[in-house]
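Structure first, then comments.
The structure displayed is predicted, hence computed values, not measured ones. Naming: A, B, ... by sequence-line order, numbering from 1 per chain. Heavy-atom basis, side chains included; hydrogens, waters and symmetry copies ignored.
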2 protein chains.
Amino acid sequence: MSESTGLRARKKERTRDAIGDAAVSLFLEHGFDRVSVNDIAAAAEISKPTLFRYFPTKEDLVLHRFADHQGEAARVVRDRRSGIKPVTALHRHFRAGLDRYEPVTGLNDHPEVVAFHRLVFTTPTLAGRLTQYQLEDEAALADALGEGIQARLRAAQVLAVQRVLARTNWQKIADGRAAHDVHPEAVADADQAFSQLR
Amino acid sequence: MSESTGLRARKKERTRDAIGDAAVSLFLEHGFDRVSVNDIAAAAEISKPTLFRYFPTKEDLVLHRFADHQGEAARVVRDRRSGIKPVTALHRHFRAGLDRYEPVTGLNDHPEVVAFHRLVFTTPTLAGRLTQYQLEDEAALADALGEGIQARLRAAQVLAVQRVLARTNWQKIADGRAAHDVHPEAVADADQAFSQLR
DNA sequence: GTTACTCGGTTAAAAAAGCAACCCGGTAAC
DNA sequence: GTTACCGGGTTGCTTTTTTAACCGAGTAAC
């Protein structure tokens, strides 16, 4: 079938996961600023230079989970079937994310996921760097949408919508509601927001 | 206490264990000749050259467990307290091994250990190489005992005794008896054999 | 009788990891 | 105020590992 991933690649991936998991779990337990990169390296059983070879900065240890979705919007637009408008494709994609309760949509009530989002939103340096990521994502989406100011404006608006929707969902769940319970509202919000984009 | 083992050393040890364990468990399951070094490398998730950097030959993948006791007899003799004769020290050491049911003494009825010994004894190339190890051990013991033919003779006799004792114990256990049950006989045999050496 | 496997074992080059030492900004000690 | 430590990152240098290719002996195919 498809286990043709070489030994090297497999181990690198595993190391990367080990570092990321160790970091996130330590951050959740003690807070971002109270955990040093040395602690993380020790927990992941790697050396400090190795850690920085996998993640350029301390913040990326947290944000790689968002980074994994990097360029997703652009890809959705590029891969849409002919005859479908970009906004429609993005709308459907986001809705599918809601139906799968994907963490990125904010609609996920697993305690770790909720705590993880709180960690990101309440740590200034993390929130700051997260917007950096989103700006890159926006640029990629703009490229996929075409050229000129028009494309860039649309890209910005789409991502703003997604950001607000995700944040809204997360807030409701952080207030104690269950994801399943919030789902209908989340879908309704998304429908409204995306149709206003057209 | 003792966490001062560097990262590198710790990982090396773990890799070595992983290879050795993978090898032995595959050998026990399928037989020495029906498992290739490639299979072992794959199971241990390392490459073939790495395997051979840890173990010089395929046989050593099995025999390293004996090799870990390499030079033990010589050390026992050298480290004996003053006033104690070499044979006495070796006798006591062997007896202590019996009391701890150490696999090397043959007096151990853990299924894996029994199967492991059967594997070694019934695979000619392994049995052959095992005697090589014992010859080196014999030379070391001879050195510890002094110089000349006299020392070499004594060394040979001591190791021969230990070999026969261990083999005898193993045979009884392979016949289905419990180690605890065999223990008194094993001690008696050892006492008799060692006192005849004097 | 070549051809083409497989298997134990080796080689050379390149990637990756470890280690120790360092830079720089902050901050606590005295 | 300087000394000293801690934090995030970096820099060489060495050790370890992967990769792919190979050698030489055995052996099955045809």
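Neither side chain, Ser47(A) nor Arg8(B), offers a donor N or O lying under 3.5 Å from an acceptor on the other. Residues His69(B) and Glu102(B) bring no donor and acceptor atom of their side chains to less than 3.5 Å of each other. Between the side chains of Thr105(B) and Arg100(B), no donor-acceptor pair of N or O atoms lies under 3.5 Å. Asp99(A) and His183(A) are linked by a side-chain donor-acceptor pair at a separation below 3.5 angstrom, with hydrogens and angles left out of the test.
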Taking N or O atoms only and anything under 3.5 Å, show me the protein contacts with nucleotides 26-29 of chain D, one pair per line.
none

Polar atom pairs between nucleotides 5-9 of chain D and protein, under 3.5 Å, N or O only, would you list them?
{"residue": "dG8(D)", "atom": "OP1", "partner": "Lys58(A)", "partner atom": "NZ", "Å": "2.6"}
{"residue": "dG8(D)", "atom": "OP2", "partner": "Val37(A)", "partner atom": "N", "Å": "2.8"}
{"residue": "dG9(D)", "atom": "OP2", "partner": "Lys58(A)", "partner atom": "N", "Å": "2.6"}
{"residue": "dG9(D)", "atom": "N7", "partner": "Lys48(A)", "partner atom": "NZ", "Å": "3.1"}
{"residue": "dG9(D)", "atom": "O6", "partner": "Lys48(A)", "partner atom": "NZ", "Å": "2.6"}

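Counting to the nearest Å, the C1' atom of dG9(C) and the OH atom of Tyr54(B) are 18 Å from each other. For the pair Arg14(A) CZ and dA16(C) P, the computed distance is 16 Å after rounding to whole Å. Taking atom CD1 of residue Ile46(B) and atom C1' of nucleotide dA16(C), one finds them 16 Å apart after rounding to whole Å.
Side-chain rings of Phe66(B) and Tyr133(B) stay apart, their centers remaining 6.0 Å or farther from each other.
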Per-pair distances, 0.1 Å, donor-acceptor, side chain in residues 75-87 of chain B, under 3.5 Å, sequence neighbours excluded:
{"residue": "Arg80(B)", "atom": "NE", "partner": "Val77(B)", "partner atom": "O", "Å": "2.8"}
{"residue": "Arg80(B)", "atom": "NH1", "partner": "Ile84(B)", "partner atom": "O", "Å": "3.1"}

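The 5' end of DNA chain D is approached more closely, in terms of each residue's nearest nucleotide, by Arg53(A) than by the other of Arg53(A) and Ala9(A).
Between Phe194(B) and His91(B), the angle of the ring planes stays under 30°, which puts this pair in the parallel group of the 30/60° scheme.
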